[in-house]
Amino acid sequence: MAASSSSSSSPQTDTCLNFITHLLKALTDAIMNVFFHDETPEQLSQPLSPAIASSSSSTRLKHQVFLSFRGEDTRLNFTAHLLKALKDKGMNVFFDEETLEKGEQLSQALSRAIAAANLSIIVLSVDYASSKSCLAELSDIMHRQDTQGHIVLPIFYHVDPSHVRNLGGSFKTSFDGHESNRLPLVQRWKAAFAEVGKLKGWHIEGGKFDRPETEYIKDIVEYVIKKLMTSKFRTASAEFVGIDYQKKTILRLIEQEDSRLIGIWGQGGIGKTTLSDVIYNEISHKFEDKCFLLNVREKFKTQGMESLRNELLSKLLNQTIHVDTPSIGSTLIQERLNNKRVLVVLDDVNDSDQIDCFGVKHFGDGSKIIVTSRDRQILKNGSVDKIHEVKKLNKNDSLQLFSTFAFKLLNPAVDFRDLSNKFVEYAQGSPLALRVLGSKLYKKSRKEWESEVDKLKEYGKPKISQILSSSYDDLDEVEKNIFLDIAIFFKGTPKKDVEEILGCCYKGAVSGISNLIDKCLLDSTYFKEIDMHDMLEEMGKDIVREESTDPGKRSRLWSAKDVYQVLRYNKGTDLIQGIKLDMSQVDNLLLHYSTFEGMTNLRVLFFYTPRVFDVKCPTNKFLAHQVNSVSLLDELRYLYWKYCPFKSLSSFNPKNLVVLNLSHGDMEHLWNNDDHQVLVNLREIDISYCKNLRKIPSLLGAINLEILDCRSCECLVELPCLNHLASLKPLELRGCRNLKKLPQIPNHFPILSLEESEIEEVPDSIEHLIRLKGLILWNSKVKKVSRNISKLESLRMLDLGNCPLVEFPEIPKNLTKLNLSGTQIEEVPLSFDSLYNILTLNMSGSRVKNISIKTESLRDLDLSHCPMIEFPKIPESLRELNLSGTQIKEASLDSLGNLYSLDLSHCESLKLLSELPPYIRYLESRGCTSLEKVSFADHYL
């Protein structure tokens with residue numbers, strides 16, 4: 001906005017604008033739609049100019065974030081840079097190119113923009129309340145929070161939040177001025193202003209001793225993304241066709257006081273999950289805590305009851321909860337739940353006991369629990385208060401939904417209207433069937449449509465399963481195989497992983513997955529996982545069951561009973577392509593060296609344990625019959641075998657392998673070592689907690705390896721050369737207690753974690769890790785650190801805690817966090833003062849007796865349990881100081897005016913604590929048995 005000729009920018013305004021610039025850039029970098037309004041004293045009362053309306057007032061635009069702040073003189077700097085940044089990210093930006101007139105009414109365009117946003121960020125700076133337009137804007141935002149659940153995030157920028165709540169400080173002056181002008185809306189503005197001051201937000205004090213604003217911005221952006229994700233906002237979409245009436249019916253049930261447990265009942269594919277999801281999103285903001293548990297029936301099988309219940313309780317109580325009893329026996333947990341008014345959705349329940357096990361009877365007054373199920377009797381047995389039957393879509397809604405997929409329009413093409421009506425009739429109001437049919441016919445000719453009608457006529461009045469089966473029949477062989485693999489093995493797996501695994505099985509797998517998504521036979525979730533409707537999953541399993549009555553002659557096995565029979569009695573044949581087994585369902589399954597030799601086309605071997613079972617899996621699930629190795633054939637692409645009882649895969653050639661997971665197994669070594677082995681397909685190796693593993697074979701051929709997890713491989717002595725693995729990202733080596741040498745890794749690595757290892761030296765070669773940001777060697781055996789570590793300009797964090805170090809290491813100038821706790825170091829060298837970026841130094845439990853630090857960047861210093869007698873010389877910039885357990889006798893804090901946290905607990909020799917800053921927020925002095933006197937600094941009073 002243009003400022004008046006009499007206005008001028010101030011340091012406060014410039015700082016505010018700088019902060020807003022970084023915030024907007026961070027938000028746009030997070031790929032968010034941002035609408036902002038820059039308020040000046042000359043503000044609008046008229047609608048936006050035609051130039052604005054033509055570019056940005058389209059009703060099709062939806063904004064995730066509305067940003068409100070007070071600024072001046074930004075046309076040639078801040079606004080120009082902001083506009084370019086937003087356009088570079090492909091954002092739609094409201095931008096005024098004309099001078100607008102002063103006014104106190106909010107323009108219709110701005111009001112619409114706030115209404116279109118999911119979340120508003122309000123930057124409350126010193127002069128915010130002096131702008132009538134700012135206050136009108138804030139009033140509208142707070143009204144929408146109260147009436148529509150709009151999310152509001154205040155940022156108290158260089159202002160005291162209590163001044164906002166109580167209309168004090170400069171804000172009192174601003175409101176007094178508005179009242180003297182007898183403006184009619186002042187009382188509404190004041191109420192909204194005080195209300196926003198009560199909300200939780202960020203308080204940015206400013207000044208050279210505060211955190212950098214870039215850190216605040218990072219936190220704010222992460223919080224906003226989390227808020228938007230958990231709120232699950234969605235734009236209007238085809239899946240909501242015909243849902244409004246049923247939504248209103250259920251909302252009326254929820255409003256009734258005697259409706260605590262509400263059941264949503266209907267056949268598979270009718271839209272129960274979609275309906276409950278829409279309701280959850282609409283009312284969740286009214287509840288203190290909430291949780292939507294998808295696919296309860298399926299997760300009960302894979303995770304187990306205890307794990308799923310703990311997941312729910314942890315979300316409702318906002319902390320990790322572990323209850324391993326059949327019922328919630330803890331009185332404390334029951335009481336905490338009883339104090340919570342919560343909203344819970346239990347989706348796809350197939351047993352009334354599942355409702356009881358979640359402890360819904362303990363939820364507080366006013367709680368609402370929505371349960372969806374295909375079986376009405378289950379809901380009755382679960383004592384639900386009201387049951388709503390999900391109705392089939394009527395003809396008009398069915399036609400609209402079908403047309404959305406068949407034509408990408410809301411109505412059918414004229415030449416296809418008659419055929420469209422026939423397909424709508426066949427679908428019988430099932431949203432799933434309408435989506436699948438419409439997707440199947442998209443861009444097909446009329447002749448092909450007629451052929452599909454003739455095919456469905458053969459069923460008379462086809463069932464939903466027959467319509468779905470018809471779509472499967474039209475797939476090519478690769479698509480059919482992909483569909484069955486996902487239905488049985490990979491539902492819920494990240495899309496990228498599925499593409500890589502199946503890409504090594506079938507040519508054109510990526511294209512095939514995309515085609516199945518287009519045909520609505522697969523779905524890609526918000527978290528980029530491959531999913532499918534449970535009716536389609538069951539159809540896939542039925543197709544495999546129909547291949548043969550003999551499980552050994554089917555292409556895929558997943559039933560524990562079938563797998564046990566085939567493996568126990570060596571009934572496997574070359575027809576078997578994959579096996580998936582829940583190991584909690586079998587006991588004492590005896591395996592031989594040759595158990596899998598007859599399965600020459602085996603591509604997937606997936607032996608897993610439910611999450612709740614994982615940490616306590618008995619060792620008798622599989623028994624290796626008098627052999628140390630098992631013969632696996634070379635066609636394997638996916639080998640996932642937790643608690644594998646064999647000691648090696650000596651004869652296995654992993655040339656086709658994509659994923660290897662043998663965690664918690666008895667492996668001592670993998671396959672035979674060969675530098676020329678072809679491992680080009682290998683993407684992931686997880687051998688964590690293989691406590692007997694001594695060696696990893698050469699990975700020279702594994703040029704595409706992305707993940708190597710060796711956590712807690714306690715017998716592992718060394719790693720093969722890894723510095724050629726350009727794609728390697730996570731490298732987990734924590735708990736490798738016998739690892740003695742720093743591994744050779746690619747120079748792009750950002751973090752290297754080697755806690756609790758036997759490594760004794762950080763070698764000269766460390767200088768090659770030019771992008772290393774964090775090096776963690778806590779509780780290792782490091783005695784020497786090469787001077788070359790000082791060359792690592794990217795290094796920000798170095799953890800050498802509990803290492804037997806004697807000398808203070810030379811460290812790079814950009815380091816911000818250094819942990820030398822528990823070391824043998826006796827002094828901090830003068831060179832430490834040349835570190836202009838250091839924020840945190842932990843010397844707790846070291847042998848430091850005296851310390852003198854001048855560097856003004858230091859914020860947090862921990863000298864607890866050091867053999868100190870005198871109070872340390874430390875910079876006035878320090879914010880947190882821990883001297884607990886030391887032997888200091890006097891502590892004078894005269895120069896530490898910025899200190900807000902001081903721990904002196906168990907300083908048994910401390911007699912005098914003087915010049916204490918009165919605004920210190922945290923002071924711990926328990927166990928100071930000799931303390932006689934405490935005084936405050938007079939010049940602070």
Side-chain angles (χ1 to χ4, degrees), residues 59-60 62 233-254 262 264-282 370 372 374 376 387-457 459-468 470-471 518-521 523 533 535-536:
T59 57
R60 291 174 296 176
K62 296 292 181 184
F233 283 102
R234 298 180 180 179
T235 54
S237 117
E239 64 183 316
F240 300 141
V241 171
I243 211 169
D244 281 345
Y245 174 76
Q246 301 201 70
K247 180 188 76 172
K248 290 176 182 177
T249 301
I250 297 175
L251 288 175
R252 283 196 294 269
L253 292 178
I254 289 173
I262 297 101
I264 298 180
W265 163 59
Q267 67 182 38
I270 201 67
K272 300 183 296 297
T273 301
T274 299
L275 180 57
S276 58
D277 189 30
V278 170
I279 292 166
Y280 179 85
N281 288 330
E282 183 148 333
I370 300 172
T372 76
R374 298 184 194 178
R376 186 171 189 169
I387 297 178
H388 172 78
E389 179 184 2
V390 181
K391 308 296 183 184
K392 298 177 180 179
L393 294 180
N394 63 35
K395 184 176 180 180
N396 289 337
D397 289 335
S398 294
L399 188 60
Q400 180 179 333
L401 182 58
F402 174 80
S403 300
T404 301
F405 289 91
F407 304 101
K408 308 301 179 186
L409 298 168
L410 295 178
N411 58 293
V414 174
D415 294 342
F416 287 82
R417 188 171 185 86
D418 56 334
L419 292 172
S420 296
N421 284 325
K422 288 185 178 180
F423 285 114
V424 165
E425 182 181 346
Y426 287 138
Q428 302 172 54
S430 166
L432 176 61
L434 289 163
R435 288 199 295 268
V436 171
L437 275 175
S439 301
K440 179 180 181 179
L441 295 165
Y442 179 56
K443 288 192 174 181
K444 296 286 182 69
S445 67
R446 182 176 176 86
K447 189 173 183 179
E448 289 171 302
W449 278 53
E450 290 170 344
S451 174
E452 186 64 27
V453 168
D454 291 340
K455 187 187 299 183
L456 292 176
K457 277 182 181 179
Y459 297 117
K461 191 174 182 179
K463 298 178 181 179
I464 304 303
S465 59
Q466 291 170 324
I467 293 174
L468 302 180
S470 172
S471 293
D518 291 342
K519 297 175 191 292
C520 287
L521 295 175
D523 189 18
H533 196 280
M535 284 191 69
L536 292 167

Is the shortest side-chain heavy-atom distance between Gln466 and Leu456 below 4.5 Å?
no
So, do Leu275 and Ile270 sit near enough that their side-chain heavy atoms are less than 4.5 Å apart?
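Counting from C-beta outward, Leu275 and Ile270 never come under 4.5 Å.
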Out of curiosity, [X] [atom1] to [Y] [atom2], how far, rounded to the nearest 0.5 Å?
X: Gln400; Y: Leu434; atom1: CD; atom2: CG; value: 11.5 Å
X: Leu437; Y: Trp449; atom1: CG; atom2: CH2; value: 9.5 Å
X: Phe416; Y: Glu450; atom1: CZ; atom2: CD; value: 8.5 Å
X: Ile264; Y: Ile250; atom1: CD1; atom2: CD1; value: 3.5 Å
X: Arg435; Y: Leu521; atom1: CZ; atom2: CG; value: 11.5 Å
X: Glu389; Y: Lys392; atom1: CD; atom2: NZ; value: 9.5 Å

Are any side-chain N or O atoms of [X] and backbone N or O atoms of [Y], one a donor and one an acceptor, separated by less than 3.5 Å?
X: Gln246; Y: Lys391; value: yes
X: Trp265; Y: Arg374; value: yes
X: Lys272; Y: Gly266; value: yes

Name the orientation class of the two ring planes belonging to Phe423 and Phe402 (parallel below 30°, tilted from 30 to 60°, perpendicular beyond 60°).
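Parallel: the ring planes of Phe423 and Phe402 meet at under 30°.
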Would you tell me whether Glu452 and Ser470 have side-chain atoms, one donor and one acceptor, within less than 3.5 Å of each other?
yes
Work out which heavy atom in [X] is nearest to a heavy atom in [Y]; give both atom names and the distance.
X: Val436; Y: Ser471; result: CG1-OG, 3.0 Å
X: Asp415; Y: Asp418; result: O-OD1, 3.7 Å
X: Gly429; Y: Ser398; result: CA-OG, 3.8 Å
X: Phe405; Y: Ser439; result: CD2-OG, 3.5 Å
X: Tyr426; Y: Lys457; result: OH-CG, 3.1 Å
X: Pro431; Y: Leu401; result: CA-CD2, 3.7 Å

Between Arg417 and Leu399, does the side chain to side chain contact (heavy atoms under 4.5 Å, CB included) criterion hold? Intermediate values first, please.
CA-CA 9 Å; Arg417 188 171 185 86; Leu399 188 60; 3.7 Å; yes
Kindly indicate, with the supporting measurements, whether the criterion side chain to side chain contact (heavy atoms under 4.5 Å, CB included) is fulfilled by Leu419 and Leu441.
CA-CA 11 Å; Leu419 292 172; Leu441 295 165; over 6 Å; no
Would you say that more than 12 heavy atoms from the other residues, nucleotides or ligands in this model lie under 6.0 Å from the NZ of Lys455, or not?
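Count over threshold, so yes.
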Side chain to side chain contact (heavy atoms under 4.5 Å, CB included), that's the test. Do Ile467 and Leu432 meet it? Break it down for me.
CA-CA 10 Å; Ile467 293 174; Leu432 176 61; over 6 Å; no
Start with the C-alpha gap between Ser445 and Glu448, add the side-chain angles, then the distance that decides, and say whether side chain to side chain donor-acceptor pair (under 3.5 Å) holds.
CA-CA 5 Å; Ser445 67; Glu448 289 171 302; 3.2 Å; yes
Apply side chain to side chain contact (heavy atoms under 4.5 Å, CB included) to the pair Gln267 and Ile464, showing each step before the final yes or no.
CA-CA 10 Å; Gln267 67 182 38; Ile464 304 303; 4.0 Å; yes
